[in-house]
Novice: 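Could you have a look at this structure, given as structure tokens, before my questions?
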Amino acid sequence: MKIDLANLTIKKAHDHMVKGDFSSVDLTKAYIDEIKKKNGDVNAYLEIFEDALEAAKKADELFKQGKAGPLTGIPCAVKDNILIQGHIASASSKILQEYKATYYATATKKLAQAGVVFLGRTNMDEFAMGGSTENSAFGPTRNPHDLARVAGGSSGGSAAAVAMDGALFSLGTDTGGSIRQPAAFCGVVGLKPTYGAVSRYGAIAMGSSLDQIGPIGKTVADCEAVFNIIRGQDPKDGTTITDKTYPTKRVGKKKPVIGIPRHFLGGDGIDPAALEAFEAAIDSFKAKGYEIKEIKLPNISYALMVYYIVMPAEVSSNMARFDGVKYGLHVDGKDGIEDYFKTRRAGLGREVVRRILLGTYVLSSGYYDAYYNRANAVRAMITQDFLKAFESVDLIATPTTPGPAFKIGDKASDPMSMYLEDIFTVTANITGMPAISIPSGTTNKDGKELPLGLQLTARHGDESTLFQAGKEFAGE
Ligand code: GLN
């Protein structure tokens, strides 16, 4: 049968493969054809894997033996900072351009064991630092809804791959919004799991206390299916949690109660279209019988500042390992220290260098107490605000982003305006709470319909409430 990629979901593809309507090889070929048609414009993929069809053949064997699981034979895209053994993982940086992973990340290992087909690796902001994929060393990813605009970032390639029907789902990483923001810009669903729900082993670290791997898909149910496979405690990541870690998650009650921090939504830089879509989303929850409550998050206006201190501090430490000896690029100097300087100068882009400088500064003696320690204290206060709010509500709703995708080049030379894009997303990383972005309508700009996203945040460990409300909202 002709495969209708535009309307396919993981569940539908699985059912078709069980029935024998098409095989995983057919499906994989269909995706590769679509990628070949569109990737020249979109630049979602940096590489299509030559072994994809081989993996699809193996998946078809599992179907024949009756051993196929829900993700067997499903083609997916993987962000270029998540390791797949034997494949390049460059984090879209020149310094790792030729680095081949010698082991699997736990998340990709679990997917491989589930029989998933890896189609290729996707473009991103260098080392996940950015919100537009313009910081890639390999050119920006373009938004499939309007090629003049960004796909978002840093997981722009992963979101665009799904939006352009170039994969049925993808993996991204989210340190301050990098799964949810590009998902919102591209009109797909993105989940940032609870900190510790998914192992970070084999994800190239950016800000280790903030990073999580998560799925991007066309539906909430698809993201749930992927999350259920990749989640779980992992001896290789001591911060991973078990189901028992957060006994406070919602149980029993029928409809989750939704809280709205209205005092935080009126800021200057917010596009009225984003607020309109948000109000419409809340109305639709009301119509479905959800109780809506206004909540206060007294310290939330500090969240972005906290993030832009804690994150670069961790970045500066994590980036120290790229020394021209252990991984990737090596440029010779007259001695060891000059090797180091020359390699890093040749291999690292401007935004990465900016963050190493910022992070080194906030961690330096004399400034450590004034910046890093204070940011950590405020981080704890913000988390307390959320925990307090979750005493009376089950979900907190905001727009995912202050507006739709912006034009390529619009914010690239103004880091502050780029950082403001993260205003609604960073809190989930600061608090460690799970959050999802779900498409919530479009707005017309320059004659193009651009997607917007609704963000829901839940208590630690309570992804199930995100999925329940998300599915109802999306009408799944
Ligand atoms: N846009 C944010 C930043 O630039 C988020 C990045 C991310 O989540 N990896 O830091």
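Both counts, for ligands and for their atoms, begin at 1 and track the order of listing.
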Novice: Hey, what's the ring geometry for Tyr327 with Tyr99, parallel, tilted or perpendicular (30° and 60° as the breaks)?
Specialist: perpendicular
Novice: Looking only at protein heavy atoms, identify the closest one to atom 6 (C) of ligand 1 and say how far it is in Å.
Specialist: Ser178 OG, 2.9 Å
Novice: Closer than 4.0 Å to some heavy atom of Asp174 - which atoms of ligand 1 meet that?
Specialist: 8 (O)
Novice: For Arg355, is the nearest heavy atom under 4.0 Å from an atom of ligand 1?
Specialist: yes
Novice: As an exercise, identify every atom of ligand 1 less than 4.0 angstrom from a heavy atom of Ser154.
Specialist: 9 (N)
Novice: Are Tyr104 and Tyr201 close enough that their ring centres sit under 6.0 Å apart?
Specialist: no
Novice: Compute the ring centroids of Phe424 and Phe264, then answer whether they are less than 6.0 Å apart.
Specialist: yes
Novice: Please work out which of the three classes, parallel, tilted or perpendicular, describes the rings of His87 and Phe49, given edges at 30° and 60°.
Specialist: parallel
Novice: Under a 4.0 angstrom heavy-atom cut-off, which atoms of ligand 1 come close to Asp422?
Specialist: 1 (N), 2 (C), 3 (C)
Novice: Has ligand 1 got any nitrogen or oxygen that is less than 3.5 angstrom from a nitrogen or oxygen of Lys79?
Specialist: no
Novice: Out of Leu348, Asp80, Asn318, Asn135, which one pairs with Phe127 under the side-chain contact (heavy atoms from CB on, under 4.5 Å) rule?
Specialist: Leu348
Novice: Step through the shown structure and confirm whether more than 12 heavy atoms of other residues, nucleotides or ligands are within 6.0 Å of OH on Tyr103.
Specialist: yes
Novice: Does Tyr308 come within less than 4.0 angstrom of ligand 1, counting non-hydrogen atoms of the residue?
Specialist: yes
Novice: For ligand 1, which is the ligand I care about here, please tell me if Gly177 has any N or O atom under 3.5 Å from one of the ligand's N or O atoms.
Specialist: yes
Novice: More than 12 heavy atoms of other residues, nucleotides or ligands under 6.0 Å from CZ of Arg354: yes or no?
Specialist: yes
Novice: Taking 4.0 angstrom as the limit and counting only heavy atoms of Ala128, give me the atoms of ligand 1 inside it, by number and element.
Specialist: 6 (C), 7 (C), 9 (N)
Novice: In terms of side-chain geometry, is the basic nitrogen of Asp146 or Arg149 positioned less than 4.0 Å from the acidic oxygen of its partner?
Specialist: yes
Novice: Quick check: do Arg355 and Met206 have side-chain heavy atoms less than 4.5 Å from each other?
Specialist: yes
Novice: Is any N or O atom of Met311, backbone or side chain, closer than 3.5 Å to an N or O atom of ligand 1?
Specialist: no
Novice: Please could you name the atoms of ligand 1 that Gly176 approaches to less than 4.0 Å, counting only its heavy atoms?
Specialist: 5 (C), 7 (C), 8 (O)
Novice: Taking only heavy atoms of Met206, which atoms of ligand 1 are found under 4.0 Å from at least one of them?
Specialist: 9 (N), 10 (O)
Novice: Show me which atoms of ligand 1 lie under 4.0 Å from any heavy atom of Tyr307.
Specialist: 2 (C), 3 (C), 5 (C), 6 (C), 10 (O)
